[in-house]
J.: 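What follows is a single structure, and I will ask about it in a moment.
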Amino acid sequence: MTHRTTPPPRICPACDGHASAAITLGGRDRHGHLRTITAHCPACHGTGTRPIRTQEGARA
């Protein structure tokens, strides 16, 4: 039986794992493409996961 060496990552509670979004700026460039920007979740910095916090002094 194998054991995990690291705990699985937790999904970010602020963005529910959807860390990045493309937002249209409301227009097209001269080639006809939509102008977009990418917005990242400020809590997880675009990764979609949060590290598991360990309590100091907790027993293993």
Side-chain angles (χ1 to χ4, degrees):
M1 178 188 282
T2 60
H3 296 284
R4 291 184 181 201
T5 57
T6 59
R10 292 182 28 194
I11 295 176
C12 175
C15 65
D16 289 330
H18 300 282
S20 298
I23 301 170
T24 61
L25 297 175
R28 295 186 180 267
D29 63 7
R30 62 188 174 123
H31 299 289
H33 300 137
L34 281 174
R35 296 184 320 179
T36 61
I37 59 171
T38 304
H40 298 290
C41 173
C44 64
H45 304 288
T47 62
T49 58
R50 297 289 291 180
I52 296 175
R53 292 184 184 187
T54 57
Q55 297 176 357
E56 291 184 19
R59 295 181 189 182

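We use all heavy atoms of the structure for the numbers below, so side chains are in, but hydrogens, waters and symmetry mates are not.
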J.: What pair of heavy atoms forms the shortest contact from Cys44 to Thr49, and how long is it?
T.: CB-O, 3.5 Å
J.: Identify the heavy atoms of Cys41 and Ala14 that sit nearest to each other, and give their distance.
T.: SG-CB, 4.1 Å
J.: How far apart are the closest heavy atoms of Cys12 and Arg50, and which atoms are they?
T.: CA-CG, 3.5 Å
J.: Among Leu34, Ile37, Thr36, exactly one meets side chain to side chain contact (heavy atoms under 4.5 Å, CB included) together with Leu25. Which residue is that?
T.: Ile37
J.: State, to 0.1 Å, how close His45 and His40 come at their nearest heavy-atom pair, and which atoms those are.
T.: C-CB, 4.4 Å
J.: When rounded to the nearest 0.5 angstrom, what is the spacing between CZ in Arg28 and NE2 in His33?
T.: 9.0 Å
J.: Quick check: closest heavy atoms across Thr38 and Ser20, and the distance to 0.1 Å?
T.: CG2-CB, 4.2 Å
